[in-house]
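Structure first, commentary second.
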Amino acid sequence: MVISTSKLTGERQTKMFENPQSLVHATNDELFSLETEFVNQIQLAGAQKRFNWFYPRIRALKKLADEQKISEISTLNDLAPILFQHTVYKSYPLTFIEKKKFDKLTAWLDKLTTHDLSSIQTANCNSIDSWLEAIETQSEIHIVHSTGTTGKLSFLPRSESEMENFKNAFYLFIEVLTGADPHKTKMPVFFPSFADGRQLAQRVLSRFGPILAGSEEEYHTAIPGFLSADFMSLAGRLQSAKAKGELGKLQMLKALSYNKGELIRLKRNRPKYMAAFFDNMVTNYRGRQVFIMGTLTSMIDAALEGEKQGLSNVFASNSAIVTGGGLKGQTVPDDWYERICKFYGVQNIRDGYGMTETTGYCPSCDKSHYHIYPHFIPFIFDNNGQVLPRNGTQTGRFGFYDLLTESYWGGFLTGDEVTLHWDDDQCACGRTGPWLEKKIQRISEKSDGGDKISCAGSQEAYDTFIDYLLDLEEE
Amino acid sequence: MQSTLTKTLDSELFEIPILLRGKQINDYTDTFGGRNGAKFITPSAKKYVNQISLSDLSKMRDLYDLSIEEIISFLHDLGQHLVLKENEYLQAAYALACEASGLTPEVLHTTYRSLPILFHPSNIREMLEKRIGLKYLENWVPTTMEDGRTISIRAFGSRTVHIIAGNVPTVAAASLIRSCGTRSDAIFKLPSNDPLTATALIQTMMDMDPQHPITKHCSVLYWRGGDRQFEEKFYRPENIEKIIAWGGFNSIKHISQYLQPGLDLITFDPKISISIIGHEAFQDEYTLHAVAQRAAIDVGAFNQEACLNSRIMYVQSGTNDDGINNLNHFGKLLYSALVNLPSHVSTPPKIFNESLKDDIEGIRLEDDFYQVYGGKVNEGAVIVSQFDEPVDFSHRLCSRVVNLVPIDTIDSAIRSVNSYTQTVGVYPEGLKLQIRNILPLYGVQRVVSLGFAASASMATPQDAIEPLRRMCKWITDEKSVV
């Protein structure tokens, strides 16, 4: 064993070898001062144990590993061919949801988790929400889902101990962004979304928001109630029907969504809820240190609205404004960054990089680089799917193995192109370990323009076509 | 023959001139990047916007000094000059297409080599005779009406703009033949995925005879589709009468905002194609092999870049265990036939669409619902649904990837087609006769014998319309008895 010169005692180093979960019990200072060789050894030891444990327990992993002829992990790169595509946890046929075949959906998930779901009763399920609830009440797992913006929801099972890991990883993340230890410093938390739901950010905030805030009273959400997975899936299915030009199905889904009284009520009440949330924030918490987490676009909208009311420097300068999600194609003023900083009264807006599949997130430092915690083993792949060397600066598709998962296989090949700097190119902020440049691009959205014209149907063409139809109907 | 279409080696930039009625414009100022990496530079379309269209309508007369046979003969001569190994313009177009097109060099080579056949007199004559009627192009054709009047009808050409698709170079040649054969004045707008084929054809024409009336009525240029400054000035009834536009809804929607009385739009929307295979395919192993071979051609021709390529195949294997086993067996045969197609017909595609690849890898581990044959690299793949639904990403199938869907009755296949469905390849022939009256009700535009989706002819209607007839102006001379 390499004895690290980092800030850890030998006993705690040994513990990290034995159990990678202890990584999230270390401090940020410790985690970002570890030596490369030491981290590599913890990661290799951890990956070996995790693979040997998962292999007989997740059928889909066994199939993949057998196909790739991986029977043991001798080097970190042995994990590369057995990362799951980011599409795996949404690879169920959509028709199972449409035709309410929840037993088949359970059978699908059963192959992707270490938990035995074979005895789950779904006969009474008539919606995704009720299916998720059935699994939660009849097993030991919680299921979080993605936003489904690409058409389908991913379903990720997590046990209570994984949620605990998530909390610890999330606290570490928050500390980097805010500079304050969330275990000790409590500040009012504002989350401009629903009070509860199983979408990941929703679940994280509804569980940990009150703890970060120190009390239920100091945890504020905008919209009462539960963000339904069925609504989000409906949105995804609308998208999918659009993409395939299935006009009949599209009309059916539209009718379905309009018939949901809740959705209409929500649409009507949403501006009212958001206004009340905003008023409470800027009136009752002026000048205080607060924690706000939301999508970038919601932050910008709020700032522009605040400007109209003549508001600026609303909160104490040590407040934490945390975002993610990017601009999503929304048109914003060129100086939006300066303007939101000015409105909230902070020096900078911080964000993180992560996904539904990760335990916690990679925080950005004051050099705007995303730092990768040692419980993630990162990989960069070239266009041909070959792993690039683990040194220098590498640009390519991002993959990772998350050492902290227990219910699902932690290895994923993402759909993102990133530029990663390995340890030999340390960030100027002083943190050790690999880091990602700010610019992260969806590989599927890479294009250099041009007006390529084809007689063969494409998704984009249909999308716009249906958008056009919808516009007409809504006019 | 001296090519001006030189690739300047240091900058990897292709020069694409504007060709305007027999004249070449070379002041290159505007640079564009092709989607797959090819870059090219052209003169500014905006600068010449007032010179592009035919302003003096009397100049259409010279086309009527030519007989249709003379036009066919000129096009035949042109075809004789379109020999890839001799024609430098075509070689330059081929070289750029190798970079800009989604097709691979081998498949492109076959397509360019077959260009002279399109220009063969018998092909052009057949197209004009069967789709319009030569006599209407040459003369006033009289008919006596019930009331005793004589109505004479003649088909005149119009002033056209062709916004052509670039996924297959044949589109440029067929568009040129259509416009010349109808005595139209034609302006070709180049697509960025095939920015040189139409130019090469017209440049060859200019070398043959720059003063020929046909040459004087052919122009070609590139502008970025959607360039409002240019298009607002250009798409006006005083400049053009008909726009013939291929392409996606974005571009059509954009063009449609310029429409007004006097400006007609003929569109070829993007389409997808499918196959329907009856239970007869499974009568014996020999038949199944033959069906797989035919199915493979419908998937693989043009590397599945064209609208007529099959992407989903509904197979009446049955959906019980035996049926699924039989379909999986057919899937293996189809995969083998697909990857063994000769390289002049089909090759592994240049680019394996990343989103599609991710989707395939996502379902590969789900063998209860899908069996995937191939697709590990870029050779193509056969995805066999293990129940009666296509994959959720069926709208993204390309790069020689096809989805087999088991069905119990042919009705399920018929219900799945819609107005985006262009071609349906059917096996066996008897089944085709049974369903050809039903499929069009759901939107299908072309029914073919399985294996022949890619052998399209210029002498047929396209996408359920008669484009040649619509390109003409149908003029009547009505002689009444006083």
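The model shown is predicted, which means the values in this text are computed figures rather than measured ones.
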Residue pair K99(A) / E389(B), side-chain heavy-atom distance below 4.5 Å: yes
Assign the ring pair F369(B) / F96(A) to parallel, tilted or perpendicular, where the plane angle (0 to 90°) is split at 30° and 60°. perpendicular
Please look at L112(A) and chain B and tell me whether the side chain, the backbone, both or neither of the residue comes under 4.5 angstrom of a heavy atom of that chain. side chain
Who among K63(A), Q85(A), E67(A), K111(A) has the most heavy-atom pairs with chain B under 4.5 Å? Q85(A)
Chain A contact via N309(B) - which portion, at a heavy-atom distance below 4.5 Å: neither
Could you measure the distance from the CD1 atom of I363(B) to the OG1 atom of T87(A)? Nearest 0.5 Å is fine. 9.0 Å
Pick one of side chain, backbone, both or neither for Y370(B), based on which atoms fall under 4.5 Å of a heavy atom in chain A. side chain
Can you check salt bridge (Lys or Arg N to Asp or Glu O under 4.0 Å) on D358(B) and R397(A), steps first, answer last? CA-CA 12 Å; D358(B) 289 1; R397(A) 185 187 272 230; 3.0 Å; yes
Closest approach of G362(B) and S91(A), non-hydrogen atoms and distance? O-CB, 3.2 Å
Indicate the atoms forming the closest heavy-atom contact of F84(A) with L365(B), along with that distance. CE2-CD1, 3.6 Å
Return the minimal non-hydrogen interatomic distance between T95(A) and F387(B), and the atom names on each side. CG2-CE1, 3.4 Å
Any chance you could measure E361(B), atom CD, to L83(A), atom CG, to the nearest 0.5 Å? 12.0 Å
Salt-bridge test for R59(A) and D368(B): reply yes if a basic N is under 4.0 Å from a carboxylate O, no otherwise. no
